[in-house]
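Notes follow the structure.
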Amino acid sequence: MATIVRSLNAVKKACFLRNKLVDLTVQRYASANRVKRIKKPEITNRDANQAKSAAMRAEIEQQGAIYEGKRFESVAQSISARGYLRAIKPYNPPENVHEQVHKIAKTTGINDPKQPFSGSEQKFAFLSACTDALGHSVPNSILHDVHTVEDALIFYQTPIDTRLPLDAINSVELPENLHIQHEHIRFNPETDTMFGGKSAFPKSSTVVTGLKYKRKYPGHEAKKSWP
C-alpha cells in the first residue's frame, strides 16, 4: 500500500513539474510576441497648419504667375540669340510695330490684348494678318505658346539676326587695343611680290578645298625638292 501511495505521489509531482514547465514556456513566448501598443498621434494646431498651407499655395501661385509672364519672353529671346543656327529669315521690327499689332487685333475683333484668343479661328486670322503686314511669321515650334496678343507683340518686337557672331562683330566698335582680321591671309607667289614671291615657309602649301572659298581665295601648291 505504501508503495502505491509513493507511486501516486511521484506521478503527481511529475505532472506538476510538466505543467509548470509548459506554463513557463507559454509565458516566455507570449512575452516575446507581445503586440506593442499603437502610439496615438499628437494633436497639432489645425488652424496653424491650414494657414501655413494657404500661404504655401499663395506663394506657388505667385511664382507661377511670374513664370507665365516671362514664359514667352524667354522663348523669343532664345530665338533671337540663336537665329544664326536656325533656318529662318532675318527680321528687324519696325518702329510702329506696337501700333500695327494692336490695330490688327482690333480689326480681327480682339479688344483686350491680355485676353486669350476665343478660338483657333480667331488666332489664325490674327496671326495671318500680322504675317501679311509685317512679313514675319510665328514658327510652328512656338505657335502653341502664343495665347494672347501680348505674346504675339513680344515676338514681333524681338529682332532676329541670322549673321554669324564673327560677321556681326564688323558692325561693333571695338576697343583700340583689339583688332580682328576678318579676311583670310594666304600666301600666293603671283600676288605677294614684296620679297620676290618668296615665302617664309617655302615648303608649305596653301590649298583651299572648300567649293565656296575656292574662287575667293586662290590656293598655292609649293614645290618640293624631296621626296
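One is the number of the first residue; the rest follow in order along the sequence.
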Minimum heavy-atom distance Gly219-Asn188, with the two atoms named: O-ND2, 3.8 Å

Closest heavy-atom pair and its distance - Gln157, Pro159: O-CD, 3.4 Å

Side chain proximity check, Val149 to Val101, heavy atoms < 4.5 angstrom: yes

Derivation of the side-chain contact (heavy atoms from CB on, under 4.5 Å) call for Lys114 and Thr148: CA-CA 6 Å; Lys114 297 183 180 180; Thr148 61; 5.6 Å; no

Thr158 side chain to Ile154 backbone, donor-acceptor under 3.5 Å: yes

Heavy-atom side-chain proximity of Asp151 to Asp145 below 4.5 angstrom: no

Reported OG-to-CD distance for the pair Ser204 and Glu221, which is rounded to 0.5 angstrom: 12.5 Å

Passing option when His102 is tested against His98, Gln100, Glu99 for side chain to side chain donor-acceptor pair (under 3.5 Å): His98

Aromatic plane relationship, His136 with Tyr91 - under 30° parallel, 30 to 60° tilted, over 60° perpendicular: parallel

Distance-minimising heavy-atom pair for Ala152 and Leu127: CB-CD2, 4.3 Å

Within 6.0 Å of CD in Glu173, more than 12 heavy atoms from elsewhere: no

Check: Ile110 and Ile104 side chains under 4.5 Å, non-hydrogen atoms: no

Shared hydrophobic cluster for Ile169 and Leu178 (ILVMFWY, side-chain gaps under 4.5 Å): yes

His147 NE2 to Glu150 CD distance, which is reported to the nearest 0.5 Å: 14.0 Å

Asp161 and Arg163 ion-paired at < 4.0 Å: yes

Side-chain heavy-atom pair Phe124, Thr108 within 4.5 angstrom cut-off: no

Over all atoms of both residues, closest heavy-atom pair of Ala222 and Ser205: N-OG, 2.9 Å

Single-linkage hydrophobic cluster, 4.5 Å side-chain cutoff, Leu143 and Phe155 together: yes

Crowding at CG, Leu211 (>12 non-hydrogen neighbours, <6.0 Å): no

More than 12 heavy atoms from other groups under 6.0 Å of CG on Asn140: no

Short side-chain to backbone donor-acceptor contact, Lys123 and Val146, under 3.5 Å: yes

Smallest separation among heavy atoms of Tyr156 and Cys130, with atom names: OH-CB, 3.5 Å

